[in-house]
Structures are given as C-alpha cells and as structure tokens.
Amino acid sequence: MLKYQAIAADLREKITRGIYKPDDQLPPSGELERTYQASKMTVKHALDYLENAGLIVKRRGSGTFVKGLDTTDLDRLVQRSRSQLLGMSSVYAGRAVKSKVLTFEAIAAPEAARGQLRLEVGSFVYHIVRVRYLDGKPLILEKSYMPVVLLPNLRQQHAEQSIFSFVRDELHLRIQSAHRIVRVRGADALEAEELHLASGAPVAIVQETYFLASGVPFNYSIATHEPEHFALETVLVD
C-alpha cells in the first residue's frame, strides 16, 4: 500500500468510527503531515483520494470537512470506497456469492480485447464467461478477457470462486484502478436465460478495464446486470 493510500485508509476509518463526524473539520494539512510523517504532496494526494470518493469536501479559505451526509449515506460511500476494486466476493462478504462458469479457455485475443489490454496480435488471453450469483439469485453474466502472460496458473477453480482474490493473494499483485462505461439495452437470448429475464428486458451493460499498480491493464470485461439490483452512484467534484 502506498503512503497516501495508508493515510486515506486511516482517515476513512476515523470517519467510519465517528471520530470525525459529518461536517467536522479535519486537522489542517500541516498537522496531518506531522501526524503521518508525510510530505505535503502525499497528504494532498490522500485528501484528493477521499474527496473523489465523496467522503470529504474542501472549502476554500476554511479547510477540509467530512461531507455533511446522513449516517446511512456516509456509511454507503465509505463501503463503496473500500470495495470498488475488491471484486464481488469482497463487496458482498458474509453473503453467499457463487459463480457458474460457462466458458474457460485460452484463445487468441479478439480485437476489442487487444485494444483494451494493449496486446500484440497473436497474444493469448483467458476467455471466461460466468454467471455470478448472490444468495442463490443470478445477478451478473460476465465475459472477461485476461492476458495469459500476466496471470500464470489461473484455473477454472479460481473463476468459480474469486479471480481478484487469486490476483491479490496468490500472485501478490495490487489492483489499483478501473475504467468503467455503463450502457443500457435489451437482454439477448443468453442473458435472458441465465439471468431469468424475459427476452429483451432492460439490462445494464458495464464495460470495465482494470489496471494493476504498475499501470498495466489485466482484465477487460463486459458484465450484464439484471435491473432489480443494479444502481449506479457517482460523485461529482469540481
């Protein structure tokens, strides 16, 4: 974990525990620099991270404050800032998360995957299609492409459990960021069948490319979400 991430995580934990409550002012930058033995730029990066997560707000001439949200909204933002890059198994920890793997194979990367993963023609990727279940209900039909060279020894059993846990815990790689595009359209035949929907029912299509801390993209996926449990929440910062 980078220094700014450790600082952000500690401040986030203090917000969670109520040490800093909604509308409370955080200590000034100089005090945070001394507390965490960090540079001005590192502290700024940590505060920018929390601001982008929607947890704090910077008021020019006044300082930095915990955003004035009610407790439920603040708790949701804290949880979201923790879980966005952890994968479904971590997001729904404590609940029954299962995966049914429909396809697990190594293939030459299709053009779209090559572009997103920055691969040469002829590079091989894992092509994985699986249905993600929460408490026995199908929520997501996910199609993923991952470079074979980056994820040696990836097996179907990992796809049946948690690929992101395999990346973090067995390969010791850090997942740092993701680019996400969301669209809406009607479900095709496979989506309708696997997600228990009527053909043509509205579904959310989430296209994502995930990046390691090195800046290398390692996962390009197109996930179809059934509509009942899907919600998109964003934070806009000036």
Backbone N/O of L151 and side chain of Y126: donor-acceptor pair under 3.5 Å = yes
ring-ring contact (aromatic ring centres under 6.0 Å, His included) between F218 and F164: does it pass, once the steps are laid out?
-> CA-CA 11 Å; F218 82 97; F164 278 22; 5.8 Å; yes
Reported CD-to-CZ distance for the pair Q156 and R130, which is rounded to 0.5 angstrom = 11.0 Å
Is any side-chain heavy atom of F230 less than 4.5 Å from a side-chain heavy atom of V206?
-> yes
Please report the C-alpha distance between L26 and I56 in whole Å, then the side-chain angles of each, then the deciding distance to 0.1 Å, and finally whether the side-chain contact (heavy atoms from CB on, under 4.5 Å) criterion is met.
-> CA-CA 9 Å; L26 296 183; I56 64 172; 4.0 Å; yes
NZ-OG1 distance between K58 and T64, expressed to the nearest 0.5 angstrom | 6.0 Å
Looking at R155 and F104, what are the two nearest heavy atoms and their distance?
-> C-CZ, 3.5 Å
Same cluster for L212 and V149 if Ile/Leu/Val/Met/Phe/Trp/Tyr side chains link at under 4.5 Å?
-> yes
Could you tell me the separation between the OG1 atom of T103 and the NE2 atom of H127, rounded to the nearest 0.5 Å?
-> 5.5 Å
Can Q161 and Q157 be counted as having a side-chain donor-acceptor contact under 3.5 angstrom?
-> no
Side chain to side chain, E226 and V203, heavy atoms closer than 4.5 Å = no
R114 (side chain) donor-acceptor with A109 (main chain) under 3.5 angstrom = yes
Near K137 NZ, under 6.0 Å, is it more than 12 heavy atoms from other residues, nucleotides or ligands?
-> yes
S221 versus S144, closest heavy-atom pair with distance = CB-OG, 3.6 Å
Side chain proximity check, L141 to V129, heavy atoms < 4.5 angstrom | yes
For G68 and D23, which heavy atoms make the closest approach, and how far apart are they?
-> CA-OD1, 3.4 Å
Are any non-hydrogen side-chain atoms of E170 and N153 less than 4.5 angstrom apart?
-> no
So if you build clusters from Ile, Leu, Val, Met, Phe, Trp, Tyr with side-chain heavy-atom gaps below 4.5 Å, do I175 and V125 land together?
-> no
For the pair K100 (side chain) and P138 (backbone), establish whether a donor and an acceptor sit closer than 3.5 Å, ignoring hydrogens and angles.
-> no
Closest approach of A8 and L50, non-hydrogen atoms and distance?
-> O-CD2, 3.7 Å
Test side-chain contact (heavy atoms from CB on, under 4.5 Å) on L102 and E194 and set out the steps.
-> CA-CA 10 Å; L102 304 180; E194 294 295 343; 4.0 Å; yes
Answer yes or no: is there a donor N or O on one side and an acceptor on the other, between the side chain of Q25 and the main chain of S62, under 3.5 Å?
-> yes
Close side-chain approach of N219 to E208, heavy-atom, < 4.5 Å | no
Quick one: does N52's side chain have a donor or acceptor within less than 3.5 Å of a partner on D48's backbone?
-> yes
Under the 3.5 angstrom rule, does the side chain of K21 hit a backbone N or O of G18 as a donor-acceptor pair?
-> yes
Are F124 and L150 connected in a single hydrophobic cluster, I mean Ile/Leu/Val/Met/Phe/Trp/Tyr linked by side-chain heavy atoms less than 4.5 Å apart?
-> yes
Min side-chain heavy-atom separation P27-T35 under 4.5 Å | no
Here the gap from S39 atom OG to K44 atom NZ, rounded to the nearest 0.5 Å, amounts to 11.5 Å
Specify the closest pair of heavy atoms between Y220 and A113, including all atoms of both residues, with the distance to one decimal.
-> CD2-CA, 3.8 Å
Atom OG1 of T224 and atom NZ of K143: how far apart are they, to the nearest 0.5 Å?
-> 6.5 Å
Heavy-atom pair with the smallest gap, counting every atom of A38 and V43 | CB-CG2, 4.2 Å
Are Y210 and L117 connected in a single hydrophobic cluster, I mean Ile/Leu/Val/Met/Phe/Trp/Tyr linked by side-chain heavy atoms less than 4.5 Å apart?
-> no
In the hydrophobic clustering that connects Ile, Leu, Val, Met, Phe, Trp and Tyr at side-chain heavy-atom distances below 4.5 Å, which members other than F65 occupy its cluster, ordered by chain and number?
-> V57
Which residues satisfy the salt bridge (Lys or Arg N to Asp or Glu O under 4.0 Å) test with D169, sequence neighbours excluded?
-> none
Flag the pair L47 / L11 as yes when at least one side-chain heavy-atom distance between them is below 4.5 Å, and no otherwise.
-> yes
Would V131 and L139 show up in the same hydrophobic cluster when neighbours are defined by side-chain heavy atoms closer than 4.5 Å?
-> no
Looking at side-chain heavy atoms only, is the closest gap between R183 and Q207 below 4.5 Å?
-> yes
Is the backbone N or O of D188 less than 3.5 Å from a side-chain atom of E191, with the two atoms forming a donor-acceptor pair by type?
-> yes
Taken to the nearest 0.5 Å, the spacing of I15 CD1 from D10 CG works out to 10.0 Å
